[in-house]
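Keep in mind the model is a prediction, meaning the values are calculated, not measured.
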Amino acid sequence: MTDLFYTSKDGKNTVHACLWTPAGEAKGVVQIIHGMSEYAERYAPFAEFLVKNGFIVCAEDHLGHGKTVKSDADFGYFNDAHDYSIVLEDIHELKLTVQQQTGDLPWFVMGHSMGSFFCRNYIAKYGKEFRGAVIMGSGFKSKATLNTALAMVKMNALFCGWRNRSKLVKSLAFGSYNNKFKPARTDGDWLSKNTENVDNYIADSLCGFDFTNNGYYVLFSVIKRACSQKVINAVPKDLPVYFVAGEKDPVGDYGKGVIKAVNKFHKAGIKDVSLTLYDDCRHEILNDDCKDTVQRDILDFYTGILDGREV
């Protein structure tokens, strides 16, 4: 793995990114967009799997995450403008940076969890630049729900500041996620039924940090946009899109929210939209007991596009 660094679109921070390259000739590039309260290097096992199968892989640490963070106070804080688009353009800047080395190789993208909602906005804006997109651990929320969440965050920020880490906002956003996994061993049981993964996540100092009000405002903003029919309609009609999620993932409302998102893509006239829900798996399917199957399914999706097969 090689470390990359470039200037954020916020004009203040330096974005850290990871690049994995195969020893031989590459057949394509996969860009990974990580989720909330984690970081790019967590995807190393999946990246190494793709590298062994001939792909270059890259991923950046978003503002407020991973090695992009300057101090502990910045974890879960995106930017002073409370603007999701700065993060989106940092994601695209990684693509432009890596393309200086890879040239015209076919480009694929995958976003997980919060990253899946950034990915949905990404392919709406830059979709013509991609050959395929994997949307992992995603879902669908109504405009009314998200407007209420945004108003709650703004009110809390008014009284407590944008860097406040509100226990109330956290509870309302994620407090129900463990409900179907009682008696819960940890607060993170909803992440995986694989207890080793949950324990590793909890022990990792770069994971699981609480978001600030600023972080939640950007999060809810990007989800709201991703779920809007306007953004979905902007996705190129001929872009293959593959939704993957755990059947017991609360982020996707235990499958229902993922199916709703897929149906919205179909409604928009996107021709090649597919879905796999993994039985008895939770949120982090690349780290759950189904991970080998998930890796193979995603690889088959990418290689199928390159080979011109039906995927």
Side-chain angles (χ1 to χ4, degrees), residues 8 10 12-13 15-16 33-43 60-84 86-87 90 111-118 137-139 141 145-146 148-182 184-192 197-224 226 249-252 282-284 287:
S8 169
D10 73 355
K12 299 197 313 184
N13 287 281
V15 176
H16 167 260
I33 306 173
H34 74 74
M36 175 183 180
S37 301
E38 57 159 356
Y39 56 102
E41 209 166 339
R42 284 193 81 219
Y43 291 80
E60 42 70 54
D61 291 335
H62 308 320
L63 292 169
H65 292 76
K67 295 178 183 178
T68 297
V69 169
K70 290 180 179 178
S71 69
D72 287 350
D74 289 331
F75 278 107
Y77 185 93
F78 285 106
N79 57 76
D80 293 344
H82 324 302
D83 186 356
Y84 82 93
I86 291 174
V87 183
D90 283 349
H112 169 67
S113 193
M114 178 183 74
S116 78
F117 295 103
F118 275 110
S138 202
K141 297 296 181 185
T145 296
L146 291 163
T148 300
L150 286 164
M152 175 181 63
V153 173
K154 287 177 73 174
M155 182 64 69
N156 192 273
L158 179 65
F159 289 100
C160 302
W162 285 103
R163 288 187 176 271
N164 175 255
R165 302 176 191 273
S166 169
K167 291 182 180 180
L168 175 62
V169 174
K170 179 182 178 180
S171 176
L172 291 174
F174 302 110
S176 66
Y177 278 13
N178 253 0
N179 285 355
K180 291 202 175 185
F181 309 112
K182 292 180 178 179
R185 188 178 62 91
T186 73
D187 290 341
D189 281 19
W190 62 275
L191 292 170
S192 292
N197 176 51
V198 173
D199 290 343
N200 287 341
Y201 180 91
I202 292 170
D204 193 329
S205 61
L206 297 180
C207 286
F209 50 85
D210 290 340
F211 259 29
T212 62
N213 283 323
N214 170 276
Y216 278 117
Y217 190 84
V218 171
L219 172 66
F220 296 145
S221 295
V222 81
I223 295 174
K224 179 182 173 180
D249 180 3
V251 173
R282 303 180 190 179
H283 185 54
E284 291 199 334
N287 297 313

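A distance of 8.0 Å separates CD1 in Ile223 from OG in Ser116, rounded to the nearest 0.5 Å. We find the CG-CG distance between Asp74 and Asn13 to be 6.5 Å, quoted to the nearest 0.5 Å. Rounded to the nearest 0.5 angstrom, Met36 CE and Leu219 CG are separated by 5.5 Å. In this structure, the separation between CZ on Arg163 and OH on Tyr77 is 5.0 Å, given to the nearest 0.5 Å. Rounding to the nearest 0.5 Å gives a distance of 6.0 Å between CG of Leu150 and NZ of Lys224. With rounding to the nearest 0.5 Å, the separation of CG in Leu146 from NZ in Lys141 is 8.0 Å.
Side-chain atoms of Asp189 never come within 3.5 Å of backbone atoms of Ala184 as a donor-acceptor pair (strictly under, hydrogens ignored). With Asp249 contributing its side chain and Ser138 its backbone, the two residues share no donor-acceptor pair below 3.5 Å.
Between Leu206 and Glu41, the closest side-chain pair of non-hydrogen atoms is not below 4.5 Å. Contact annotation: the side chain of Met114 approaches that of Phe211 to within less than 4.5 Å [non-hydrogen atoms, C-beta and beyond]. Side-chain contact between Trp162 and Lys154 is present, with at least one heavy-atom pair separated by less than 4.5 Å. Using a 4.5 Å heavy-atom cutoff, the side chains of Val218 and Ser221 are not in contact. Residues Arg185 and Asp199 are in side-chain contact: their nearest non-hydrogen atoms beyond the backbone lie under 4.5 Å apart. Using a 4.5 Å heavy-atom cutoff, the side chains of Asp10 and Phe78 are not in contact. Between His62 and Thr68, the closest side-chain pair of non-hydrogen atoms is not below 4.5 Å. Looking at His65 and His34, their side chains come closer than 4.5 Å, going by heavy atoms from C-beta outward.
In this structure, the ring of Tyr216 has its center no less than 6.0 angstrom from the ring center of His82.
Take Tyr177 and apply the side chain to side chain donor-acceptor pair (under 3.5 Å) test, not counting sequence neighbours, and it matches no residue. Partners of Asn164 under the side chain to side chain contact (heavy atoms under 4.5 Å, CB included) rule, at least two apart in sequence or in another chain, are Asn156, Cys160, Ser166, Asn213. Considering only residues two or more places apart in sequence or on other chains, Asn79 meets the side chain to side chain donor-acceptor pair (under 3.5 Å) condition with none of them.
Closest of all the heavy-atom pairs between Ala226 and Phe117 is CB-O, 3.7 Å. When all heavy atoms of Ala81 and Ile86 are compared, the pair lying nearest together is CB-CD1, 4.4 Å. Across all non-hydrogen atoms, the minimal contact from Val15 to Ser8 is CG2-CB, 3.7 Å.
With hydrogens and angles left out, the side-chain atoms of Tyr201 and Glu38 include no donor and acceptor closer than 3.5 Å.
Other residues, nucleotides and ligands place more than 12 heavy atoms under 6.0 Å from the CG atom of Asn179. Other residues, nucleotides and ligands place no more than 12 heavy atoms under 6.0 Å from the CG atom of Asp187.
By the 30° and 60° cut-offs, the orientation of the rings of Phe209 relative to Phe75 is tilted. Using cut-offs of 30° and 60° for the angle between ring planes, the His112 and His283 rings count as tilted.
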